[in-house]
Amino acid sequence: MSAGPEATRRALRADLLDFTGDPGLGAPDAKTVRYRPDHWLMIDAGRIVDVRPAAQPPGGDWAREDHRGRLLLPGFVDTHVHSVQLDVIASYGTELLDWLERYTFPAERRHVDAAHALVQAEAFVDALLAHGSTAAVVFPSVHATSVDALFTAAQRRGMRLVAGKVLMDRHAPEDLRDDVAQAEADSETLIARWHGVGRLAYAVTPRFAATSTPQQLAMAGALLKRHDGLYMQTHVAESRAEVAWIAKLFPEARSYLDVYHHHGLLNERAVLAHGIWLDDADRRVLADSGAQIAHSPSSNLFLGSGLFDWQAMVDAGAEVSLASDVGGGTSLSMIRTMADAYRVQALRGVRLSAFKALHAATRGAAQALLLDHEIGSLEPGRVADVALWDWAVGPVAMQRDALARDLHERLFAWMMLADERALVTTLVAGRTQYKRPSDDSGASETP
Ligand SMILES: [Zn+2]
């Protein structure tokens, strides 16, 4: 969206909802939920500066946008998603390892071309924003071109984005493999070019233990030691066949997670997707290192990978965020992701509250990424990355919404029934980066 003449002092009137702490896994508990119906959220120069009741509108030089009756949330944080897999979303009939071979690798191969990579990266970042996600931890491809494209697209929109070149020097088609020396040189170049630039951060990104030699994993660990503040992202214990393969490749390791631990890849900025087939010792290692699991329920259901044990992670004191994992996941919508997380937990006999799910997709994810000073809540001082939603779209959802007796019932119905079509507008650092086509409201009363 073009950066038109937009006011730098904006006030949005809506129902404000965010969190002051973790609501916990269990019965809905509103203690840490901060719900401020019909309030003004005030944004100045890209940051949230104040929140006021509707009866105290800001003065003359503020652009007031009246969205009363709508829901205003912090932008979603999608902690695991592949920017190069939009072409293979919703591909039929495979489990993880076959899915990589048949669909994913051919799509990723095309990102060696810089022009193709940039077009796809722009489309991907715009798609995130059109689903209400304002920050993400992203896998591009093995090609440096795909990393440059993704960071360029995010930078143009002022987005908070974490990404890095995929490391993959074995068990992949030849034109998708790097080698240790080239991977290290490319990573160093990309770190120098992008890490800490604006709202971008670099992540050392071994695809998973099977596609990196021990030498490459050691190089990845050395990169993390050499540079401050780098993230690490990878996959762990997604499917049983994958876990069995890793055990064969690394017979000396105690577990799949132990391969990463051994190579110095686990720290408080590590994001590991899935973590379905872990044991309690693994979970203690995660808790001790501060690494988080990016739970990807849509992908896990779609590929038939398994049912994530969220309760065991809580018991171990380890952190969990939510992720779409497109293209294994079938939607970029974090609302659909939350609904899928509810279904996965229901199959385990656990009821996931809407509070806990929404926390994991906003403030909880921001905290796990050490970014809660910047994103994840509507606290004054935070960057104004926010999304405005309809509480209900369509007659069934509207009827259900009208009957909700308390906040959790209402929010839960929203989580199960809404999707990206309920999104009205997305702001990144106070600027409109997505607006629903043909939206008639927003009843702007600029003085
Ligand atoms: Zn993934």
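In each ligand, atom 1 is the first atom listed, and ligand 1 is the first ligand listed.
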Taken to the nearest 0.5 Å, the spacing of Ile276 CD1 from Asn300 CG works out to 3.5 Å
In short, side chain to side chain donor-acceptor pair (under 3.5 Å) pairs touching residues 311-320 with sequence neighbours left out are Gln311-Asp315
Examine Arg410 relative to Trp391 and say whether NZ or CZ is less than 6.0 Å from the centre of the six-membered ring and inside a 45° cone about the ring axis.
-> yes
Protein-derived N, O or S atoms lying less than 2.8 Å from the Zn ion (ligand 1), waters not counted, sum to 4
Using a cut-off of 6.0 Å, state whether more than 12 heavy atoms not belonging to [X] lie near its atom [atom1].
| X | atom1 | value |
| --- | --- | --- |
| Arg240 | CZ | no |
| His408 | NE2 | yes |
| Arg170 | CZ | yes |

